[in-house]
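First listed ligand is number 1; within each ligand, the first listed atom is number 1.
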Amino acid sequence: MVTTHNLGYPRIGRRRELKFVLESYWQGDIDQQSLEDKAFELKNQQWQAQSTLDWIPVGNFSFYDHVLDTSLMLGNLPDRVDSSLNTLDQYFQAARGRSSNTLHQTSSIAAAEMTKWFDTNYHYLVPEFDTNTQFELHADSYLSQVKEALANDFNVKPVLIGPVSYLWLGKTKDGSDPLALLNQLLPVYEQLLIELSQLGIEWVQMDEPILSTELTYEWQHALTQAYFSFNKAPVKLLLANYFGSLKENLNLACDLATAGLHIDAINARDEVSKVIDWLPCHKILSIGVIDGRNIWKTDLVKTLDWLEPIYQRLNNRLWLAPSCSLQHVPVDLVQETALEPEVKSWLAFADQKIEELNLLASALNDGREAVATELALHDLSIQQRQYSSRVHDASVKTRLATFLNDQGKRKSAYHTRVKHHQSLFNLPSFPTTTIGSFPQTPDIRQLRHQYKQQQISTAEYEEQLKQHIHFAIHQQETIGLDVLVHGEAERNDMVEYFGEQLQGYVFSQFGWVQSYGSRCVKPPIIYGDISRPNAMTVKWATYAQSLTQKPVKGMLTGPVTMLNWSFVRNDQPRSETCLQLALAIRDEVLDLEDAGIEIIQIDEAALREGLPLRKQEWQSYLDWAVRSFRISANAVKDSTQIHTHMCYSEFNDIIDAITQMDADVITIETSRSDMELLDVFNSFDYPNEIGPGVYDIHSPNIPSVSQITYLMEKAAKRIPAERLWVNPDCGLKTRQWHEVKPALEAMIQAARHLRMTQSVQD
Ligand code: GLN
Ligand code: ZN
């Protein structure tokens, strides 16, 4: 018999219940007991939803983040956490800087750093280490989850982040080597494994996703050492790798002293037979055959064609699972009553993926005939999707083919273009601008809501939007900015706004996935060939331009960001989908240019996020990502100025690619610290113009003129002054006007000061 199991399940709830209950707790509206009660209810629902499987993952429910849970369990919350708080509040204080929104300022600390969980859009809280770090087991809350699940008769397989991945995910504050802590960490894990066995646990899942990355010999050795030391543990360990292929770690992963291995057959199908050959025959092999990162139905027939011979070889040693935890997909498709039925029939969210897993297992255990009807029905939608005219648009494919060898080069090089820009715009040195959005006031949100609910007509809606644009332009002129924006009042989200207007995109109602803590995102779904039926932003940009003599910058989201923040098609390479998006954006760029917009910004906030886990694979991603951006941007005249914006400042490792994009101006995030600013400019030698963000828009603090001047003077030491712009570090939509106005005024004053004090070459 084949065994089924799951690696993890969305914990946020079908309707984001966890989010709401957490936020009420932080707000002080409910007490800890009510929070725990609700969590208990959610956990039970989640276990129940997986109960048809042979083993369900337990211990991975989390109030904020499972890496922070691990830190708590290992006695490794940061020292600055207030130890007089109860455990839960200490945990929230580490996560958010404060345990409650109502507490006085003094009880806030620097929150733990947050960063992306491998190549997903989930963010975890980075464990902090130094040479004095001491681990100590505090497993009460973890063990009580396990006990709860056991008491309710579930087949419990506890899940842990393996010790080596845990160390790898953290940072040492004193520059010491995190691996030096391994010897001290292992006994704590061993103790936990003993306690789990005393509860009657048979299998424990140990996640070591670092096996999908390039590991040095030291990290590889640490894995060997760790699992050797667990060899005597009274439970069976299932070592789980996901998100990628094992490559040079394959033999190591097979040989580690564990009772089983889980591999990701969605990302690394071609490694499976090698693993089977290499895996010692006392070990079970769990194959992740259902995509835990995307929302498409699995082609079960094809999967069975492939799995049946494997099953014959492995027999009882074969386990089946999703490729990774299902926390990266929405909970239940059944809730989506508004989705186009045909498109809906192609999708599977977490609950549907569990059904698929059961179907596969039944087909293997009892023969395909036993589930013939279900398989046939499933297969029908797979076939329909393959041939649907909703998916395939011949004109898009034909058009794409004409771009086969097009590298998207601008007509002339930057030094020629810049002359046009100087004479056309006649901007002062240190020109000032913003990143695009202005405060999304309650009025604006309300307006969009009314329009969506069809409470107001299109004419009324557009009229009111124009008033908001008018207001934004007026404010910018009063403040004295040089290049203006329309303010993005019509946008709820920078991807959704465009996706809604493109062919090939659909939107779910409840397709939320956790981004971090109580924050969720609802990624749009790209299901078909992308095209742009109508202009998307021209109306707003030209209206804004009609109100002022100053240049108004058109504002678009770039193809790579559109791609990286969506669920994408799995029936063609990502690069192809990206190119289709690029063509749609290119059309918009050209329409803006035709309509008289002379400066156009194409945001690539998420370009870096798409980097593959292994460095060896970076270049091929960057090649098509950069080419897509260029194809979207570079059909314009020399006189049109292209801007791009990126929400980060780590450029050293991708600087060539950023340079290749050849935007006339890039605005970046740098303002968090001046050290960071120096680092950026020491390594990032951008050949065109650059706007280092001069203040942090995430904070309500108003920057002073001298702070901004100081930062820009530093920048001017590394970048010639004539190539510098002055701007905030990101869009202003989360701020309020009373914060934005004085901040931008300070920026303008700083720019005026710089113009008088810094020498600029013509
Ligand atoms: N133009 C967008 C804005 O200002 C850019 C946002 C972003 O980079 N995340 O909101
Ligand atoms: Zn940004």
Asker: Can you name the atoms of ligand 1, numbered from 1 with element, that are less than 4.0 Å from a heavy atom of G436?
Answerer: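 Every atom of ligand 1 under 4.0 Å from some heavy atom of G436: 4 (O).
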Asker: Answer yes or no: does an N/O atom from K733 fall short of 3.5 Å to an N/O atom of ligand 1?
Answerer: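 Between K733 and ligand 1, no N or O pair is found under 3.5 Å apart.
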Asker: Given SG of C647 on one side and NE2 of H645 on the other, what angle do they make at the Zn ion (ligand 2), to 10°?
Answerer: 120°
Asker: List every atom of ligand 1 that sits less than 4.0 Å from any heavy atom of E488, numbering the atoms from 1 in the order shown and giving each element.
Answerer: 1 (N), 2 (C), 3 (C), 4 (O), 10 (O)
Asker: Between Y122 and H66, is the ring centre distance below 6.0 Å?
Answerer: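 Yes - the distance between ring centres of Y122 and H66 falls below the 6.0 Å cut-off.
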Asker: Hey, is ligand 1 close enough to Q601 that some N/O pair sits below 3.5 Å?
Answerer: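 Looking only at distances, the answer is no, because the N/O contact criterion of under 3.5 Å is not met.
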Asker: Do E598 and F425 make a side-chain contact, defined as non-hydrogen atoms from C-beta onward lying under 4.5 Å apart?
Answerer: yes
Asker: Do the charged groups of D482 and R755 touch, with an N to O distance under 4.0 Å?
Answerer: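 Yes, this pair counts.
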Asker: Under 4.0 Å from a heavy atom of C730: which atoms of ligand 1 are those, numbered in the order shown and with their elements?
Answerer: 7 (C), 8 (O), 9 (N)
Asker: I'd like to check which ligand 1 atoms, numbered from 1 as shown, lie under 4.0 Å from a non-hydrogen atom of G731.
Answerer: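 Near G731, meaning under 4.0 Å from one of its heavy atoms, ligand 1 has 3 (C), 4 (O), 10 (O).
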Asker: What about I435: any of its N or O atoms under 3.5 Å from an N or O on ligand 1?
Answerer: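 Min N/O separation from ligand 1 is below 3.5 Å for I435.
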Asker: Hey, mind stepping through K714 and Y710 against side-chain hydrogen bond (donor to acceptor under 3.5 Å, both in side chains) and telling me if it holds?
Answerer: CA-CA 6 Å; K714 271 198 158 156; Y710 170 78; 2.9 Å; yes
Asker: With a cut-off of 4.0 Å, which atoms of ligand 1 are near a heavy atom of H645?
Answerer: 8 (O)
Asker: With a cut-off of 4.0 Å, which atoms of ligand 1 are near a heavy atom of M555?
Answerer: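 Near M555, meaning under 4.0 Å from one of its heavy atoms, ligand 1 has 1 (N).
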Asker: Show me which atoms of ligand 1 lie under 4.0 Å from any heavy atom of M494.
Answerer: 6 (C), 7 (C), 9 (N)
Asker: May I ask you to decide if the ring planes of Y461 and Y451 are parallel, tilted or perpendicular, using 30° and 60° as cut-offs?
Answerer: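 Correct class here is parallel.
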Asker: Any salt bridge linking K733 with E488? Criterion: basic side-chain nitrogen under 4.0 Å from a carboxylate oxygen.
Answerer: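 Between E488 and K733 there is no salt bridge, as every charged N stays at least 4.0 Å from the carboxylate O atoms.
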Asker: How does C647 reach ligand 1, by side chain, by backbone, by both or by neither, if only non-hydrogen atoms under 4.0 Å count?
Answerer: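 Answer for C647: side chain.
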Asker: What protein heavy atom sits nearest atom 5 (C) of ligand 1, and how far off is it?
Answerer: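 Residue, atom and distance for the closest contact: D603 OD2, 3.4 Å.
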Asker: Once you restrict to heavy atoms under 4.0 Å, what part of M646 touches ligand 1? Side chain, backbone, both or neither.
Answerer: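 Neither; no heavy atom under 4.0 Å.
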Asker: If we only count heavy atoms from C-beta on, is the R723 to N688 side-chain gap below 4.5 Å?
Answerer: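 They are not in contact (no side-chain heavy atoms under 4.5 Å apart), so the answer is no.
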Asker: When you measure from atom 3 (C) of ligand 1 to every protein heavy atom, which one gives the shortest distance, and what is it?
Answerer: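 Among all protein heavy atoms, the one nearest atom 3 (C) of ligand 1 is S437 OG, 3.3 Å.
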Asker: With a 3.5 Å distance limit and no angle check, can you tell me whether N564 reaches the backbone of A606 through a side-chain donor-acceptor pair?
Answerer: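 A pair under 3.5 Å: yes.
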Asker: Do the side chains of K466 and E462 get close enough for a salt bridge, i.e. N-O under 4.0 angstrom?
Answerer: no
Asker: So W565 and D493, do their side chains get closer than 4.5 Å, heavy atoms only?
Answerer: no
Asker: Could you list which atoms of ligand 1 come closer than 4.0 Å to a heavy atom of A605?
Answerer: 8 (O)
